Every structure is written in structure tokens, then in C-alpha cells.
Amino acid sequence: METSTEVCEPESDLERELENQYVHTLHLMGLSPPEARRAFWHLLNEIKKESLEAGAAALPKDFGDRLLERELIDDRVKALLEKKRAEGVTDHDIRWWWNLSHLERALMAKLDQLNRHVLLRQFIDEQELSPEGAARKLRTYDPLFGDVDEAQTGSPDDQPLPYELKERVRRYVQRRAIVDAAALTRDIEDSSSFNHLVRKELRRGNL
């Protein structure tokens with residue numbers, strides 16, 4: 001990843017909080033502290049540029065609460081949230097994701113993409129897997145989040161998960177890794193993808 005982007009000063013308390021959080025995350029991914037700070041600002045400036053180009057309007061901080069209120073009177077919102085609920089998304093998940101700021105949501109998505117790129121390179125360079133083998137391993141061990149309407153190859157259970165589930169999936173993995181990491185690994189490897197495991201566990205009421 002290019003990390004030569006000019007480092008900026010935070011323009012708000014939120015940007016300062018995000019810088020502290022994600023510089024640490026990027027450092028854990030293998031970047032030195034200066035590289036991690038440059039990478040953070042590269043991502044943040046990219047998000048700001050994309051938002052301007054798309055003319056994206058800033059959503060209110062309580063947008064998740066407003067969505068749930070609109071669901072009662074707006075058929076379009078109701079149809080949108082029905083798709084989410086069919087994937088196991090709850091009111092709590094909707095509030096958690098959509099009450100975040102645009103910067104917070106976009107940074108999570110960007111870090112997901114970056115982390116998947118780093119893992120792919122590790123599988124190819126360090127484990128000497130083919131690009132196809134590395135992609136299969138990535139699908140097995142790393143959850144994929146995205147637009148539930150995006151057409152993907154594979155079974156329905158392998159499709160991208162709604163971002164609204166991201167925090168629940170994180171807590172599920174953390175909990176199972178503490179209780180019995182070996183059993184979690186077996187369940188992962190017995191599934192066609194990590195997303196398949198998540199959907200099985202949602203149906204069982206375990207997630």
C-alpha cells in the first residue's frame with residue numbers, strides 16, 4: 001500500500017479518535033508507527049475525496065434510530081430492512097452500524113479491504129500458495145462483508161454479509177477463540193467459507 005501521503009492534523013475530535021484507533025490497528029498489521037500514521041491519512045483523505053466526488057450527504061449521528069422509525073411509515077425503508085433482517089440483522093445491529101459516522105463506516109470498509117490484501121499477499125509470499133489457493137484460504141478464514149445484493153459466485157451462504165453484522169461476528173469469534181479455539185478452527189474448516197459458518201451459526205441461534 002502507498003504510504004507517502006502527507007500526514008494531516010485532525011480537524012475534529014472524531015478524526016483524532018479515529019487516528020489513535022486506526023494507527024494502532026495498522027501498526028498491528030505490520031506497519032511501523034510513522035508508516036501506520038501515513039497509511040491512516042491516505043485512507044481518510046481517500047474517503048473524503050470519494051465522498052465529495054459522489055456528492056454524499058452527511059447522515060445524522062442517529063441515522064440508525066431514524067431508519068427504524070421510518071420503517072414504520074416508509075415502504076422503501078421497510079423493504080430495505082426486510083432484506084437485512086432476512087440475513088439475521090437485528091434492530092440493535094442497525095442502530096450500531098448506522099449511528100456511526102460516515103468516516104467510521106468507511107474506514108471499517110477500507111481496513112477490511114486492506115487486511116484482505118495483506119492476508120492474500122502473506123498466503124502467496126509466505127505460504128507459497130497459488131493466487132487461487134490463497135483466495136480460497138482467505139474465504140475460509142476471513143469474513144467478507146459487503147452489499148447483500150451484489151452478485152457473487154458460490155452458494156448463497158458464501159455471499160457477502162451485511163456490514164451491520166460486523167460487530168456481532170467479531171464478538172462471536174473472540175468468544176469462541178477464548179472458550180475452544182480448536183473447535184472454532186474445525187467448524188471453520190468444515191464450512192465452504194467463513195460466511196457459510198456465520199450463516200449456519202445465525203440459523204442455530206449461536207451468533
Side-chain angles (χ1 to χ4, degrees), residues 1-5 21-33 35-36 38-40 42-44 46-47 50 83-84 86-89 93 97 105-207:
M1 175 183 175
E2 176 61 52
T3 58
S4 60
T5 298
Q21 176 184 346
Y22 284 106
V23 167
H24 177 68
T25 299
L26 289 160
H27 178 49
L28 293 177
M29 291 171 64
L31 298 181
S32 69
E35 289 172 334
R38 286 195 296 272
F40 166 79
H42 173 85
L43 293 172
L44 193 68
E46 193 174 66
I47 290 166
E50 290 170 355
K83 290 182 181 178
K84 305 284 189 182
E87 290 279 0
V89 173
D93 301 325
W97 179 249
R105 292 194 307 275
L107 272 169
M108 285 188 191
K110 292 284 187 185
L111 260 292
D112 269 0
Q113 294 172 5
L114 177 59
N115 184 59
R116 291 175 71 81
H117 174 75
V118 169
L119 288 174
L120 272 175
R121 294 312 315 171
Q122 288 177 349
F123 295 155
I124 293 171
D125 296 340
E126 298 175 15
Q127 301 183 23
E128 299 183 347
L129 295 177
S130 67
E132 296 79 12
R136 283 195 299 271
K137 186 166 186 176
L138 184 65
R139 288 193 296 271
T140 299
Y141 288 97
D142 193 56
L144 172 64
F145 297 90
D147 187 341
V148 297
D149 292 326
E150 290 177 356
Q152 301 278 331
T153 58
S155 74
D157 281 340
D158 297 325
Q159 302 307 305
L161 296 163
Y163 268 106
E164 288 89 344
L165 291 174
K166 187 172 178 59
E167 178 62 14
R168 275 171 64 195
V169 171
R170 185 195 67 79
R171 292 200 309 267
Y172 165 82
V173 172
Q174 184 180 57
R175 181 176 67 250
R176 289 208 58 191
I178 292 171
V179 172
D180 193 340
L184 173 60
T185 299
R186 287 195 299 272
D187 286 348
I188 289 172
E189 294 176 348
D190 285 341
S191 304
S192 60
S193 66
F194 200 101
N195 287 15
H196 182 201
L197 172 63
V198 167
R199 288 187 166 97
K200 285 192 296 188
E201 291 294 84
L202 282 166
R203 289 193 287 267
R204 293 166 178 166
N206 295 333
L207 195 153

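Residues take their numbers from the sequence shown, with the count starting at 1. The structure presented is a predicted model; accordingly, all values stated were derived computationally and were not measured.
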> Around atom CD of Gln127, are there more than 12 heavy atoms of other residues, nucleotides or ligands at under 6.0 Å?
Replying inline: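 Buried by this count: over 12 neighbours within 6.0 Å.
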For [X], enumerate each residue passing the side-chain hydrogen bond (donor to acceptor under 3.5 Å, both in side chains) test, keeping only those at least two apart in sequence or located in another chain.
| X | result |
| --- | --- |
| Lys166 | Asp112 |
| Asp157 | Arg203 |
| Ser32 | Glu35 |
| Gln113 | none |

Taking the side chain as every heavy atom from C-beta outward, state whether [X] and [Y] have any pair of such atoms under 4.5 Å apart.
| X | Y | answer |
| --- | --- | --- |
| Lys137 | Leu119 | no |
| Val169 | Phe194 | yes |
| Phe123 | Arg136 | no |
| Leu202 | Arg168 | yes |
| Met108 | Tyr22 | yes |
| Asn195 | Pro143 | yes |
| Met29 | Leu26 | yes |

Donor-acceptor contacts under 3.5 Å from residues 175-182 side chains, at least two apart:
from: Arg175; atom 1: NH2; to: Asn206; atom 2: O; distance (Å): 3.3
from: Arg176; atom 1: NH1; to: Tyr172; atom 2: OH; distance (Å): 2.9
from: Arg176; atom 1: NH1; to: Asp187; atom 2: OD2; distance (Å): 2.8
from: Arg176; atom 1: NH2; to: Asp187; atom 2: OD2; distance (Å): 2.9
from: Asp180; atom 1: OD1; to: Ala182; atom 2: N; distance (Å): 3.3
from: Asp180; atom 1: OD1; to: Ala183; atom 2: N; distance (Å): 3.1

> Mind checking what makes salt bridge (charged side-chain N to carboxylate O under 4.0 Å, His left out) contact with Arg171, not counting sequence neighbours?
Replying inline: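 Only Glu167 meet the salt bridge (charged side-chain N to carboxylate O under 4.0 Å, His left out) criterion with Arg171.
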> Would you call Arg139 and Asp158 a salt bridge, using N to O less than 4.0 angstrom?
Replying inline: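 No.
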> Using 4.0 Å as the upper bound for N to carboxylate O, is an ion pair formed by Arg199 and Glu87?
Replying inline: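 Salt bridge present between Glu87 and Arg199.
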> Nearest heavy-atom pair of Ala134 and Ile124: which atoms, and what distance?
Replying inline: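 Answer, listing the atom of Ala134 first, then Ile124: CB-CG1, 3.6 Å.
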